[in-house]
Amino acid sequence: MQDSKKSIFQNLLEVSERFVKEHKVLLIAFIVFFAAVSALNFADTSTSETVESFRLEDFEEGAIADRNIFARTTLEPDIANPVSIQEGERIIHKGFKITAEEYSKLKKLAEAPSYVDYRAFADRELLLLLIFVFYFFLFTPVLLKRDVEMSELVLQGVFLVFIYACTVFGGKLHFFTSIYTIPILIPSSFCVFLIAILYGQTSAVYFSIVSAMIVYAAAGFQIVPCLFTLSSGIASSRIVRKIEKRTDMVFSSLILSFLNMVFMSVLKIIYNDNFSDAFFVLIGVALNGFISGILALGFITPLESLLNTASVFRLMDLSDTNTPLLKNLCVTASGTYQHSIMVAQLAENACRQVGANALLARVAAYYHDIGKMDHSDYFTENQQDGNPHDDLNPSLSLTIIRTHVKLSVEKATEQHLPAAVIKIISEHHGNSVVRWFYEKAKKEDPNVREEDYSYYGNLPSTKESGIVMLADTVEAACKSLDKPSVSRLDSFIQSLIDKKVNAERQLDNCPLTFKDLKKIKDSFVQILAGYYHSRIKYPGQKDGEDTSAPISQPAQNVSGAQNNEDEGKNG
């Protein structure tokens, strides 16, 4: 029996150790920010007029006391409150009227700087602990559907502390003591706007839920500020879901201003509040929404650069083909540039079909082969006067081909491209075999291993990364297809995808489903069929005069054609 208990204890210990090790960064971040919020909680409690967790307004002279309250400290009389209090003294008696002297003692306790209502502090601390535990599990990869970034945790932690501080200390101002006026000062929409743009709608919705709970704790367990924060936050995350231009933030701000007035009006109706202060309150929450959007627009540029995130605005800037890096690619490796443009079209359209981030995939496709600029002549799409690999041994050729991924990542890092884009660049070949040079080396040495002729990259870990890999392979391989009709394209692309999935196992870590792969294949076929469609011959036209005729001959150099199906143009 003891052995059984010991075994159970050991298993729990091992599971706990593994959990802590896997979520170490999350745990550290949450502990730090919980400590920061706790410090604010203590500061608020020590400056609040509460007794045993009850506000002074909950007591009234002449009313029947519904509880006993004992003094936990001794207080001497002063000018403001000339009554004295002894530690352990019963201030009010349950079931008896509160006398003027007893009310004065309650007031003295509540206002005394040396008196800290530890009961109120502990109550709120327990709620904050539950909130942060809930927050921790919300942002685990299981619910978030991706690994959370450390920069995201830091930003959200700072925002939560900021929201808590504004709610706590803003509520002490004379004009914002009401539960209907305090939402005017809560900057949750501003924070949600930034998180939605920088990290996506899912993170923004989760943050909205947590920030509403934080406001509930900071506002003294009042439900109205909590519900308003929740409604406004979720609306903010939804409004900016599909914005593409910075000017769209102005319209988003106006929409949120209107919605904030609607939310507050509904809450006043639900809780039977009069509309005597409606003008001030409604104008206030409307300004909160509008200013939140304008401030977010101002903060987004420095934050997206500082945090190196793939925000929609930054991706739109990078998608401009007139950027110096892409113009340089066009000049030094024109074939690679055209290949990248086509891969981007394929990847973007496929992402739209499966609900992935189409803009991210398009930008990553533009830059995925920028490392080829250093040795452009060694890649099939840029070769015009023969293939230099014919004079090299397979291992040296492999080194040149394989290095382009590393060089692409280095150049992308130098240009401060978003981390999500760099990740796709590093994964777009996975650890697949450079088949042509492997087969060539195998003829010279039958003992050569596939691992020695594989890329060094990681397998695609996101839908966007997997789609860029497939688009890269398909675009290059289809150029070697003779007379590419729709039916031939369909079967050929299907075989390429099947090879990546089954033979090479390149999509094992990718969340793409078989249903997604079917949509991706159909999307590829649709675009490539239009690209390779046949054209009529004009009267008097001689063969070869139509330079826009579809490619009907396989690539001239053997290494390029063979490698197209496996790696896409020698890499």
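Note that the structure is a prediction, hence the values are computed from the model and not measured. The first residue of the sequence shown is numbered 1, and numbering continues consecutively from there.
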inquiry  = Closer than 3.5 angstrom, by distance alone: can the side chain of Ser334 be matched with the main-chain N or O of Cys330 as a donor-acceptor pair?
reply    = no
inquiry  = Quick check: Phe132 with Phe136 (ring centres under 6.0 Å apart)?
reply    = no
request  = Examine distances only and state if a side-chain atom of His339 and a backbone atom of Thr336 form a donor-acceptor pair shorter than 3.5 Å.
outcome  = no
ask   = Is a side-chain donor or acceptor of Ser211 paired with a backbone partner of Phe207 at a separation under 3.5 angstrom?
value = yes
key: From Glu504 atom CD to Leu496 atom CG, the distance as rounded to the nearest 0.5 Å   = 9.5 Å
message = Using only atom types and a distance under 3.5 Å, with no angle test, would you say the side chain of Thr399 pairs donor to acceptor with the backbone of Ser395?
response = yes
message = Quick one about Asn349 and Ser523 (side-chain donor to acceptor, distance below 3.5 Å, no hydrogens or angles considered), yes or no?
response = yes
key: Separation of Leu144 CG from Tyr199 OH (nearest 0.5 Å)   = 11.5 Å
ask   = With a 6.0 Å cut-off on ring centres, are His428 and His404 close enough?
value = yes
query = Are there more than 12 heavy atoms of other residues, nucleotides or ligands under 6.0 Å from atom CD of Gln526?
reply = no
key: Separation between CG of Leu398 and OG1 of Thr403, rounded to the nearest 0.5 Å   = 8.0 Å
request  = State the CG-NZ distance between Leu512 and Lys518, to the nearest 0.5 angstrom.
outcome  = 15.0 Å
key: Charged N-O contact under 4.0 Å between Asp317 and Arg246   = yes
request  = Examine distances only and state if a side-chain atom of Tyr206 and a backbone atom of Leu143 form a donor-acceptor pair shorter than 3.5 Å.
outcome  = yes
task = Might you point out which heavy atoms bring Pro460 and Gln506 nearest each other, and give the distance in Å?
result = CD-O, 3.1 Å
CD1 on Ile425 to CG on Leu417, rounded to 0.5 Å = 6.0 Å
inquiry  = Is it true that, when you exclude Phe30 itself, more than 12 heavy atoms of the residues, nucleotides or ligands shown sit nearer than 6.0 Å to its CZ?
reply    = yes
task = To the nearest 0.5 angstrom, please state how far the CD1 atom of Ile186 sits from the OG1 atom of Thr229.
result = 4.0 Å
ask   = Are Gln494 and Asp498 linked by a side-chain donor-acceptor pair shorter than 3.5 Å?
value = yes
request  = Measure from the side-chain N and O atoms of Glu464 to the backbone N and O of Asn357, and report whether any donor-acceptor pair falls under 3.5 Å.
outcome  = yes
inquiry  = Minimum heavy-atom separation for Thr462 and Cys510, please, with both atom names.
reply    = O-SG, 3.1 Å
ask   = Given the rule in the side chain to side chain contact (heavy atoms under 4.5 Å, CB included) test, do Phe193 and Met249 qualify, once you have shown the distances and angles that lead to the verdict?
value = CA-CA 9 Å; Phe193 271 141; Met249 283 297 297; 4.2 Å; yes
message = Can you give me the closest heavy-atom contact between Leu318 and Thr323, atom names plus distance?
response = O-CG2, 4.3 Å
key: Sub-4.5 Å side-chain heavy-atom contact between Met342 and Tyr531   = yes
request  = State whether the side chain of Ser203 and the backbone N or O of Gly200 hold a donor-acceptor pair below 3.5 Å, judged by distance alone.
outcome  = no
ask   = Closest heavy-atom contact between Ile422 and Ala412?
value = CG1-CB, 3.8 Å
Candidate pair Phe299 and Phe190, rule ring-ring contact (aromatic ring centres under 6.0 Å, His included), full reasoning = CA-CA 10 Å; Phe299 274 87; Phe190 162 71; 5.4 Å; yes
key: Closest heavy-atom pair and its distance - Phe162, Pro187   = CE2-CG, 3.5 Å
ask   = Taking atom types as modelled, is there a side-chain donor on Glu427 or Ser465 under 3.5 Å from an acceptor on the other?
value = yes
message = If the threshold is 4.0 Å, N to carboxylate O, is there a salt bridge linking Glu381 and Lys372?
response = yes
query = Checking Ser305 side chain against Pro302 main chain: does a donor-acceptor pair fall under 3.5 Å?
reply = no
message = Testing the 3.5 Å rule here: is there a donor-acceptor pair between the side chains of Arg314 and Asn308?
response = yes
ask   = Between Leu128 and Ile214, does a side chain to side chain contact (heavy atoms under 4.5 Å, CB included) hold up when you go through it step by step?
value = CA-CA 7 Å; Leu128 290 172; Ile214 283 287; 3.9 Å; yes
task = Verify, without hydrogens or angle tests, whether Tyr456 (side chain) and Arg402 (backbone) share a donor-acceptor contact under 3.5 angstrom.
result = no
key: Modelled atom types, side-chain donor and acceptor of Thr513 and Asp516, under 3.5 Å   = yes
ask   = Could Asp522 and Lys519 be called an ion pair, given the rule that one side-chain N must be under 4.0 Å from one carboxylate O?
value = no
ask   = Can Thr309 and Glu304 be counted as having a side-chain donor-acceptor contact under 3.5 angstrom?
value = no
inquiry  = To check you understand the geometry: which heavy-atom pair defines the closest contact between Val354 and Lys463, and what is its length?
reply    = O-NZ, 3.7 Å
